[in-house]
Student: 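Take this structure first; my questions come after.
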Amino acid sequence: VDDDEVVRRCHLRSLCGINCTTQGAWNGAEALREMERDPFDVVLLDLRMPGLDGFQVCRTIKGDSETASTVVIAMTGYHTHETEARILECGAVRCLSKPIAPSAVAALIDTVLEQAATAKRRRRPART
């Protein structure tokens, strides 16, 4: 989710190499509408956007029982320790500083998806 089309397209292209379906949104409201239709496993979320900012979007995602398990990775061109602490308090797992190498984002998302799959397998009850 990023209001900068160049950044959004660059990240979408970089994710084509990992085993996932991708979708871009240009603002927080659009992302939340799409999540209502089909919740995402991972959201790469810019913090500064028109309308709903990334903090509001993250709180909404984490506050809804249907989407609370979604992994939120924040990114910002205005990174400070305070900004990072604030978005982590909202429920994000990481806060990355822009510019971010698309390959690093793809690797991080691949790792997050693998960790989620491993955790899901661990939570399954044993069959007898």
Side-chain angles (χ1 to χ4, degrees):
V1 182
D2 199 310
D3 59 320
D4 184 323
E5 185 176 352
V6 172
V7 170
R8 190 174 61 250
R9 285 178 187 247
C10 186
H11 286 298
L12 285 169
R13 269 194 311 274
S14 73
L15 296 173
C16 290
I18 64 175
N19 187 22
C20 67
T21 302
T22 59
Q23 183 170 344
W26 74 276
N27 66 27
E30 180 185 8
L32 292 174
R33 279 192 304 275
E34 291 299 322
M35 287 195 72
E36 285 177 6
R37 291 182 335 118
D38 186 20
F40 307 131
D41 295 320
V42 178
V43 172
L44 181 61
L45 179 64
D46 186 21
L47 295 181
R48 284 194 171 185
M49 296 179 290
L52 294 175
D53 65 23
F55 301 100
Q56 294 166 305
V57 173
C58 187
R59 278 193 300 274
T60 301
I61 290 169
K62 293 306 202 173
D64 183 331
S65 62
E66 296 293 318
T67 58
S69 65
T70 299
V71 176
V72 177
I73 300 170
M75 58 183 178
T76 182
Y78 304 94
H79 189 276
T80 65
H81 293 295
E82 294 80 18
T83 300
E84 183 171 3
R86 186 174 162 210
I87 193 61
L88 294 178
E89 286 174 9
C90 291
V93 297
R94 293 283 299 273
C95 184
L96 307 173
S97 279
K98 287 182 181 179
I100 308 161
S103 59
V105 172
L108 176 59
I109 290 176
D110 195 30
T111 299
V112 166
L113 289 172
E114 183 56 39
Q115 289 170 344
T118 300
K120 193 178 214 179
R121 285 191 298 270
R122 287 184 189 145
R123 287 192 300 263
R124 286 189 192 137
R127 292 189 174 183
T128 56

Student: To the closest 0.5 Å, what do you measure between OG1 (T76) and CG (D53)?
Tutor: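 If we round to the nearest 0.5 Å, T76:OG1 and D53:CG are 10.0 Å apart.
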
Student: To the nearest 0.5 Å, what is the distance between CZ on R8 and CG on N27?
Tutor: 9.0 Å

Student: Any salt bridge linking R37 with E34? Criterion: basic side-chain nitrogen under 4.0 Å from a carboxylate oxygen.
Tutor: yes

Student: For residues 100-109, dump all side-chain donor-acceptor pairs below 3.5 Å to protein atoms at least two apart in sequence or in another chain.
Tutor:
none

Student: Each residue besides V43 in its hydrophobic cluster should be listed here, by chain and number; the cluster joins Ile, Leu, Val, Met, Phe, Trp and Tyr at side-chain heavy-atom distances under 4.5 Å.
Tutor: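 Its cluster partners, ordered by chain and number, are V1, L32, M35, F40, L45, M49, L52, V57, I61, V72.
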
Student: Report the distance from atom CG of D64 to atom CZ of R59, rounding to the nearest 0.5 Å.
Tutor: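 Reported to 0.5 Å precision, the distance equals 14.5 Å.
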
Student: Under 3.5 Å, side chain of K62 to main-chain N/O of V71, donor-acceptor pair present?
Tutor: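 Checking the backbone N and O of V71 against the side chain of K62, no donor-acceptor pair under 3.5 Å is found.
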
Student: Check salt bridge (Lys or Arg N to Asp or Glu O under 4.0 Å) between K98 and all other residues, then give those that pass, not counting sequence neighbours.
Tutor: D2, D46

Student: Please determine whether the number of non-hydrogen atoms from other residues, nucleotides or ligands lying under 6.0 Å from atom CG of D41 exceeds 12.
Tutor: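 Open: at most 12 neighbouring heavy atoms sit under 6.0 Å from CG of D41.
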
Student: List, by chain and number, the other hydrophobic cluster members for W26, where Ile, Leu, Val, Met, Phe, Trp and Tyr join if side-chain heavy atoms come within less than 4.5 Å, directly or indirectly.
Tutor: none

Student: Decide yes or no on side chain to side chain contact (heavy atoms under 4.5 Å, CB included) for L47 and F55, but give the supporting numbers first.
Tutor: CA-CA 6 Å; L47 295 181; F55 301 100; 3.8 Å; yes

Student: Kindly compute the distance separating CD (E36) from OG1 (T67), expressed to the nearest 0.5 Å.
Tutor: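 Spacing of CD (E36) from OG1 (T67) equals 9.0 Å.
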
Student: Tell me, please, which residues at least two apart from E66 pass salt bridge (Lys or Arg N to Asp or Glu O under 4.0 Å).
Tutor: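 Checked E66 against salt bridge (Lys or Arg N to Asp or Glu O under 4.0 Å); zero matches.
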
Student: How far apart are the C-alpha atoms of V42 and I73, what are their side-chain angles, what is the distance that settles it, and do they pass the side chain to side chain contact (heavy atoms under 4.5 Å, CB included) test?
Tutor: CA-CA 7 Å; V42 178; I73 300 170; 4.1 Å; yes

Student: Can you give the donor-acceptor pairs under 3.5 Å from side chains of residues 83-97 to other protein atoms, not counting sequence neighbours?
Tutor:
unit_1: T83; atom_1: OG1; unit_2: T80; atom_2: OG1; d: 2.8
unit_1: E84; atom_1: OE1; unit_2: H79; atom_2: NE2; d: 3.1

